[in-house]
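Report on the following structure.
Order of listing sets the numbers, starting from 1, for every ligand and every atom in it.
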Amino acid sequence: MTREELISRLDNVQSLPTIPPIVSRLNEMVQDEDTTAARLGKVIEKDQVLTAKLLKMVNSSFYGFPQRISTINNALVLLGFNVIKTLIVTSSIFEVMQASDIRLFEHSLGCATAAGIIARRRGIKNPEEVSTAGLIHDLGKIVLRAELPKEYDRILANSRERELPVRDVELEIVGMTHSEIGGILATQWNLPDSLVIPVKYHHRPAKCKDHQEITAIIHFSDILIRAVGFGSGGDPWVPPLDHKAWDIIKFGKSDAREILEELDEKLAELANFTGEIDQEQ
Ligand SMILES: [Fe+2]
Ligand SMILES: [Fe+2]
């Protein structure tokens with residue numbers, strides 16, 4: 001398959017549920033300065049299934065709020081519109097992921113958790129946005145698997161047999177990496193740049209010009225979560241850490257110890273969360 005063929009295929013992805021119409025309605029509402037969180041919340045809450053899904057996500061341990069968030073209005077105030085919108089747009093992707101690849105789902109939740117911990121320590125204004133970037137960073141893999149299942153299996157088998165990172169084999173077999181694919185889709189879905197860029201550059205953080213800090217955090221969190229062995233990104237290799245990304249987020253030994261301790265605790269809570277999902281299926 002050539003790059004061009006793949007790009008045109010991504011223009012009309014068939015295998016994934018489309019963006020719910022509610023998202024364009026919400027986008028329009030946000031353009032209007034008079035729109036309040038309460039009004040947005042009311043529109044979302046009309047859809048009870050969506051509301052239940054959203055509340056479950058925002059209350060999961062990777063966002064780490066001490067109190068339970070019980071209304072969409074609260075979720076919008078605490079997490080911001082960008083995060084809620086991304087969760088709405090990608091909720092169908094997560095359903096596909098939970099059903100088809102629970103270990104990739106765990107990898108994504110783990111990356112979201114690590115990214116949130118680091119973002120909070122760095123005093124980033126909206127650490128939930130960073131967690132959300134971690135959550136969706138490998139969305140290109142889900143799309144690949146759903147759209148081109150044969151090629152995806154070949155990619156994974158090749159990566160294992162030849163001991164190559166998945167993204168190298170992706171380039172060889174479909175002409176594009178999952179990060180590029182994810183970037184294209186996130187752009188199509190009108191997600192904000194603060195989420196598109198880390199998805200697109202999480203394996204090549206030195207190449208991005210904007211949102212470098214969040215991209216560096218996602219790059220590092222992806223590696224960290226592989227290193228601690230939570231879930232699976234598809235191949236067993238821990239990729240090398242990019243120097244530039246490390247220069248941005250560099251921390252000392254005592255910080256590292258605290259980060260790992262916090263991660264350990266949160267991952268244990270996450271195991272409960274994914275366990276619940278297993279039982280629901
Ligand atoms: Fe990746
Ligand atoms: Fe990953």
Just checking Lys200: does its NZ atom have more than 12 heavy atoms from other residues, nucleotides or ligands closer to it than 6.0 angstrom? no
Given a threshold of 2.8 Å, state how many protein N/O/S atoms are nearer than that to the Fe ion (ligand 1). 4
Can you tell me if Arg257 has over 12 outside heavy atoms packed within less than 6.0 Å of its CZ? no
N/O donor-acceptor pairs under 3.5 Å from side chains in residues 226-234, not counting sequence neighbours:
unit_1 : atom_1 : unit_2 : atom_2 : d
Arg226 : NH1    : Asp235 : O      : 3.3
Arg226 : NH1    : Asp235 : OD1    : 2.7
Arg226 : NH1    : Trp237 : O      : 2.9
Ser232 : OG     : Gly234 : N      : 3.0

Members besides Tyr201 in its Ile/Leu/Val/Met/Phe/Trp/Tyr cluster (side-chain heavy atoms under 4.5 Å): Ile197
Contacts satisfying side-chain hydrogen bond (donor to acceptor under 3.5 Å, both in side chains) that involve residues 34-55 (not counting sequence neighbours) are Lys53-Glu95
As a test of understanding, state which of His202, His203, His219 forms a ring-ring contact (aromatic ring centres under 6.0 Å, His included) with His137. His202
